[in-house]
Amino acid sequence: MCMVIFAPLFAIFAFATCGGYSGGLRLSVDCVNKTESNLSIDIAFAYPFRLHQVTFEVPTCEGKERQKLALTGDSSSSAEFFVTVAVFAFLYSLAATVVYIFFQNKYRENNRGPLIDFVVTVVFSFLWLVGSSAWAKGLSDVKVATDPKEVLLLMSACKQPSNKCMAVHSPVMSSLNTSVVFGFLNFILWAGNIWFVFKETGWHSSGQRYLSDPMEKHSSNYNHGGYNQDSYGSSGGYGQQASLGPSSDEFGQQSSGPASFTNQI
Ligand SMILES: *[C@@H]1O[C@H](CO)[C@@H](O)[C@H](O)[C@H]1NC(C)=O
Ligand SMILES: *[C@@H]1O[C@H](CO)[C@@H](O)[C@H](O)[C@H]1NC(C)=O
């Protein structure tokens, strides 16, 4: 049941911290000729991190000329994949919660609910792992590409030691780091839930049921036994079940009910 509460919440955290991101860095280029300097060059970027499309102008420190630059790299595919997985995981876990709580009968019908739930949970666990890993790699690319020291290397003015180039501030990455952490937390949550959904399917107990089911039929035969003719017909069933294995034989010996019933025949 913890899945019911945490899965939608964790998914929201994952896509909100990544998909809602916008950040920036500030550089200063102090030219020998002060009139050409720009001490606050702002470079803003945001989700989905198509950094090669983020352009900005910097002084060349050679007259009025400006140099047009762009950041490097493109992490949009991993970022968008991550957010897409998170959004769909959110929608699915919300829908599954509603079905599980309000349509319990429909959920159990023909075991279809648990079956679908199991398959979807396995798929989402896999997607969370792939998405989080890809986005972790994408984020490390973003960090390098938006590192002020790396951006300064692109500027021709900064190749002249007489001009002073400095990083004023770096982008704040804490929410993106959080999104990666939540991505892997979601993976753990969904992967851990595989076991609980698997139990719902009843597959794990099918081997045990083979032994326990005859016992249940013993007692029901016993309850009805002697009261009506039909029970004699089903006693044939009892004989077959008794021959299934030693465990049901043991049961027959231990309880006097079915044993005395066979004696009557
Ligand atoms: C400095 O660069 C910013 C862009 O980052 C620009 O908006 C501003 O006008 C520039 N300032 C000067 C003095 O050129
Ligand atoms: C500084 O730049 C201005 C305008 O670009 C120019 O008029 C001036 O001559 C330059 N001064 C020096 C020392 O280069």
Side-chain angles (χ1 to χ4, degrees), residues 9-90 128 130-186:
L9 213 64
F10 275 33
I12 290 174
F13 280 133
F15 70 69
T17 49
C18 176
Y21 180 86
S22 66
L25 61 151
R26 181 175 288 176
L27 307 168
S28 82
V29 178
D30 197 3
C31 303
V32 178
N33 189 341
K34 301 293 179 195
T35 57
E36 293 159 357
S37 304
N38 189 339
L39 299 182
S40 62
I41 303 163
D42 286 311
I43 304 165
F45 61 96
Y47 174 85
F49 309 102
R50 286 194 184 86
L51 297 179
H52 65 287
Q53 292 180 359
V54 176
T55 57
F56 52 97
E57 286 188 353
V58 296
T60 56
C61 297
E62 290 165 1
K64 283 270 168 246
E65 256 173 66
R66 301 277 177 91
Q67 185 183 14
K68 212 164 187 251
L69 290 174
L71 295 176
T72 50
D74 181 2
S75 297
S76 62
S77 54
S78 61
E80 283 171 342
F81 180 69
F82 180 78
V83 168
T84 306
V85 169
V87 168
F88 278 100
F90 167 73
W128 273 118
V130 173
S132 302
S133 307
W135 171 227
K137 170 74 176 74
L139 177 56
S140 77
D141 291 345
V142 170
K143 281 177 176 171
V144 170
T146 61
D147 181 353
K149 289 189 204 76
E150 294 291 321
V151 180
L152 289 175
L153 293 178
L154 303 171
M155 302 182 188
S156 63
C158 301
K159 293 189 173 90
Q160 303 286 331
S162 49
N163 303 319
K164 291 194 196 72
C165 295
M166 284 195 307
V168 180
H169 69 73
S170 304
V172 180
M173 294 286 183
S174 51
S175 91
L176 295 182
N177 293 332
T178 307
S179 73
V180 171
V181 170
F182 267 99
F184 284 108
L185 279 179
N186 271 291

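For ligands, and for the atoms within them, numbers begin at 1 and follow the listed sequence. Bear in mind the structure is a predicted one, so any value in this text is a computation, not a measurement.
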Please tabulate, line by line, the atom pairs linking an N/O of ligand 1 to a protein N/O at a distance below 3.5 Å, with the distance in Å to 0.1, or answer 'none'.
| residue | atom | partner | partner atom | Å |
| --- | --- | --- | --- | --- |
| ligand 1 | 2 (O) | N38 | ND2 | 2.3 |
| ligand 1 | 5 (O) | D42 | N | 2.9 |
| ligand 1 | 5 (O) | D42 | O | 3.4 |
| ligand 1 | 11 (N) | N38 | ND2 | 2.9 |
| ligand 1 | 14 (O) | R66 | NH2 | 3.0 |

Original post:
Does one side chain, of T60 or E65, offer a donor that lies under 3.5 Å from an acceptor on the other?
Top reply: no

**OP:** Applying salt bridge (Lys or Arg N to Asp or Glu O under 4.0 Å), name anything that partners D141, two or more places apart in sequence or on another chain.
**Re:** K137

Subject >> Partner residues of C165 under the disulfide (SG to SG under 2.5 Å) criterion, sequence neighbours left out >> reply: C158

Original post:
Listed by chain and number, what are the ring pair (Phe, Tyr, Trp, His ring centres under 6.0 Å) partners of F13, not counting sequence neighbours?
Top reply: F182

**OP:** Mark yes or no for whether N186, through its side chain, and W128, through its backbone, hold a donor-acceptor pair below 3.5 Å.
**Re:** no

**OP:** For E36 and E62, work out which heavy atoms get closest and say how close.
**Re:** OE1-N, 3.9 Å

